[in-house]
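Note sheet for the following structure.
Computed over heavy atoms, backbone and side chain alike; hydrogens, waters and symmetry mates excluded.
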Amino acid sequence: MQAHQVSGQLNTVCAKTGMSLALAWALQFISGSAGPVTPSELAEELGRSPAATSSLIRRLLTDESVLVDVDPNDRRSFLITLTEHGLSE
């Protein structure tokens, strides 16, 4: 099976659940991390621009899938963690 076919099938499954492939991938990455992740780490993992990643994080916040807190070690940065709801998705 070619990559575009697999991608199409994954997008179809995600669409049925109301979640984009990017959102599913983001939740998977955050849940598999040893601790909170930064927006930069998430952007790098997803291969997305900072602006696109910010939009994705806002969607996850709206869905109450993640919490975003100021990094106590670098007040210019944020830390993203999953909520119970995000873990169940």
Point to revise | Side chain to side chain, T38 and L79, heavy atoms closer than 4.5 Å | key: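 They are in contact (side-chain heavy atoms under 4.5 Å apart), so the answer is yes.
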
Review point. Does V70 reach the side chain of F78, with side-chain heavy atoms less than 4.5 Å apart?
Key: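 Of all side-chain heavy-atom pairs linking F78 with V70, at least one is under 4.5 Å.
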
Check your understanding: Atom CG of L82 and atom CZ of F29: how far apart are they, to the nearest 0.5 Å?
Key ->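 With rounding to 0.5 Å, CG (L82) is 11.0 Å from CZ (F29).
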
**Study point:** Candidate list L61, L60, V68, test side chain to side chain contact (heavy atoms under 4.5 Å, CB included), partner I80, passing option
**Key:**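 Output: one option passes, namely V68.
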
Check your understanding: If two hydrophobic side chains count as joined below 4.5 Å and joins carry through other members, does L67 share a cluster with I30?
Key ->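 In one cluster with L67: I30, no.
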
Between [X] and [Y], which heavy-atom pair has the shortest distance, and what is it?
X: H85; Y: D63; answer: CD2-O, 3.0 Å
X: T83; Y: E64; answer: OG1-O, 2.6 Å
X: E41; Y: P36; answer: OE1-O, 4.2 Å
X: S65; Y: L27; answer: CB-CD2, 4.0 Å

With a 3.5 Å cut-off and sequence neighbours excluded, list the donor-acceptor pairs that the side chains of residues 50-57 form with protein atoms.
from	atom 1	to	atom 2	distance (Å)
T53	OG1	S49	O	2.9
S54	OG	P50	O	3.1

Review point. Would T81 and V66 satisfy side chain to side chain contact (heavy atoms under 4.5 Å, CB included), going step by step from the backbone distance to the final call?
Key: CA-CA 5 Å; T81 56; V66 298; over 6 Å; no

Review point. Which residues satisfy the side-chain hydrogen bond (donor to acceptor under 3.5 Å, both in side chains) test with N73, sequence neighbours excluded?
Key: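 If we apply the side-chain hydrogen bond (donor to acceptor under 3.5 Å, both in side chains) test to N73, skipping adjacent residues, there are no hits.
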
